[in-house]
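Just so it is clear, the structure is predicted and the values come from calculations on it, not from any experiment. We count ligands from 1, going down the list as the structure has it; atoms in each ligand are counted the same way.
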Amino acid sequence: MGRLIVIEGLDGSGKNTLAARLQHQVTADGGRMHRIDFPRYQASIYAELVRDMLYGRLGDVSESVYGGALLFALDRRDAADDIRKALRDNDIVLLDRYVSSNAAYGAARLGGPAESGEAIDFPAWIQRLEIDRFGLPVPDRQVLLGTPVELAQQRARSRADADAQRQLDRFESDQQLQRRTAAMYAELAAQQYLSPWVVLDGSTDRAPAADAADSRSAADADAAGSDSAAGSDSAAVADTAAQLRRLLS
Ligand SMILES: Nc1ncnc2c1ncn2[C@@H]1O[C@H](COP(=O)(O)OP(=O)(O)OP(=O)(O)O)[C@@H](O)[C@H]1O
Ligand SMILES: Cc1cn([C@H]2C[C@H](O)[C@@H](COP(=O)(O)O)O2)c(=O)[nH]c1=O
């Protein structure tokens with residue numbers, strides 16, 4: 001039975017890039033890894049609706065914290081059997097975002113950890129909905145990519161400038177929401193919400209050449225050791241992969 005590993009973090013923090021590099025590293029070492037990114041925009045009607053919600057095209061659902069969270073959760077419920085099958089067939093199933101994204105962003109939308117009441121109770125509501133009621137598998141480890149808010153925002157903005165398909169959505173363009181979400185993630189990691197967490201430094205910069213490439217070719221460039229800055233980042237990825245293997249052994 002494989003282990004379920006989740007990467008969490010802010011928009012633009014580098015989760016997709018890290019996931020691609022870890023997958024490259026683990027498979028190069030002979031491990032079997034399957035990866036799923038949430039929301040599954042290409043595979044699920046719920047995720048399609050999530051996109052509409054994020055770009056303000058879903059009426060008052062776009063304003064609704066609970067309505068939005070339900071769409072994200074239903075996308076995962078639809079994927080539960082695929083996750084269980086992938087766990088049977090692989091050593092590691094790596095998820096780019098999972099239940100804790102819903103807990104962190106939803107609570108942040110309700111005011112974040114500085115607020116009492118609803119915001120603080122929101123992660124427990126998500127756990128009851130997604131884990132207890134929908135029966136989603138509990139992660140073995142959650143990795144928080146702790147990229148500083150300003151740096152993550154800068155990366156998200158550069159990505160939007162370079163790619164017309166990746167314009168900033170409502171969550172990404174709300175800097176205060178990103179700040180509260182960072183605080184919520186720190187809180188969830190400290191509480192070990194759902195399962196054990198590790199926090200990684202997400203601020204190591206890659207070379208601009210690698211930055212312009214998509215994550216798959218960046219991983220290939222790293223593997224080929226194509227330049228020194230990418231090489232040093234590659235060492236950090238190898239470290240993370242080794243750390244994950246240690247955690248899982
Ligand atoms: N270590 C890094 N150094 C420099 N640029 C990076 C680094 N990691 C990622 N980037 C760049 O930052 C942008 C965002 O990275 P990525 O798509 O991996 O983030 P993400 O956390 O998956 O974002 P989102 O949650 O918004 O989809 C991309 O353009 C990527 O190439
Ligand atoms: C899975 C999930 C995501 N979110 C938030 C996080 C992001 O701001 C967007 C979409 O994610 P992407 O990685 O930028 O495509 O939605 C959330 O609030 N709840 C979730 O379960």
Check: Any idea which protein heavy atom is nearest atom 13 (O) of ligand 2, and the distance to it?
Finding: Arg97 NE, 2.8 Å

Notebook entry, point to check: Under 3.5 Å between some N or O of ligand 1 and some N or O of Gly14?
Noted result: yes

Item checked: Proximal atoms of ligand 2 relative to Leu54 (non-hydrogen, under 4.0 Å) -> 9 (C), 10 (C)

Item checked: Contact check, Arg76 vs ligand 2, heavy-atom distance below 4.0 Å -> yes

Note to self: Contact between ligand 2 and Arg109 is defined here as a heavy atom of the residue under 4.0 Å from a ligand atom; is it met?
What the structure shows: no

Note to self: Please work out, at 4.0 Å between heavy atoms, whether the side chain, the backbone, both, or neither of Thr204 comes within that distance of ligand 1.
What the structure shows: backbone

Margin query: Measuring from atom 27 (O) of ligand 1, which candidate in Lys15, Arg97, Arg159 has the nearest non-hydrogen atom?
Written below: Arg159

Next item on the list: Starting from atom 19 (N) of ligand 2, find the nearest protein heavy-atom neighbour and note its residue, name and distance.
Entry: Asn102 OD1, 3.0 Å

Next item on the list: Using a strict cut-off of less than 4.0 Å between a Lys/Arg side-chain nitrogen and an Asp/Glu carboxylate oxygen, indicate whether Arg170 and Glu63 qualify as a salt bridge.
Entry: yes

Check: Under 4.0 Å from any heavy atom of Glu172, which atoms of ligand 2 are there?
Finding: 14 (O)

Margin query: Does only the side chain of Leu145 get under 4.0 Å from ligand 1, or the backbone, or both, or neither? Count heavy atoms.
Written below: neither

Check: Should we say atom CZ of Arg133 is surrounded by more than 12 heavy atoms from elsewhere, each under 6.0 Å from it?
Finding: no

Notebook entry, point to check: Looking at ligand 1, does any of its N/O atoms fall within less than 3.5 Å of an N/O of Gly202?
Noted result: no

Margin query: Please check whether Asp169 reaches ligand 2 - meaning an N/O of the residue sits under 3.5 Å from an N/O of the ligand, judged on distance alone.
Written below: no

Notebook entry, point to check: Would Arg35 and Asn16 count as a side-chain hydrogen bond (donor to acceptor under 3.5 Å, both in side chains) if you check the C-alpha gap in whole Å, the side-chain angles of each, and the deciding distance to 0.1 Å?
Noted result: CA-CA 10 Å; Arg35 178 177 155 193; Asn16 175 61; 2.5 Å; yes

Item checked: Proximity winner for atom 3 (C) of ligand 2, if only heavy atoms of Tyr105, Phe171, Phe72 are counted -> Phe72

Item checked: Part of Arg166 with heavy atoms under 4.0 Å of ligand 1, whether side chain, backbone, both or neither -> side chain

Item checked: Minimum non-hydrogen distance to atom 2 (C) of ligand 1, winning option of Arg157, Gln154, Arg155 -> Arg155

Item checked: atom 10 (C) of ligand 2: the protein heavy-atom neighbour that sits closest, reported with distance to 0.1 Å -> Tyr41 OH, 3.3 Å

Margin query: Within the supplied structure, the quantity of interest is the number of heavy atoms (other residues, nucleotides, ligands) at a distance under 6.0 Å from Gln42 CD; does it exceed 12?
Written below: no

Margin query: Walk me through whether Ser100 and Gln142 qualify under side-chain hydrogen bond (donor to acceptor under 3.5 Å, both in side chains).
Written below: CA-CA 9 Å; Ser100 293; Gln142 298 180 80; 2.6 Å; yes

Next item on the list: State whether the shortest distance between N or O atoms of Asp96 and N or O atoms of ligand 1 falls below 3.5 angstrom.
Entry: no

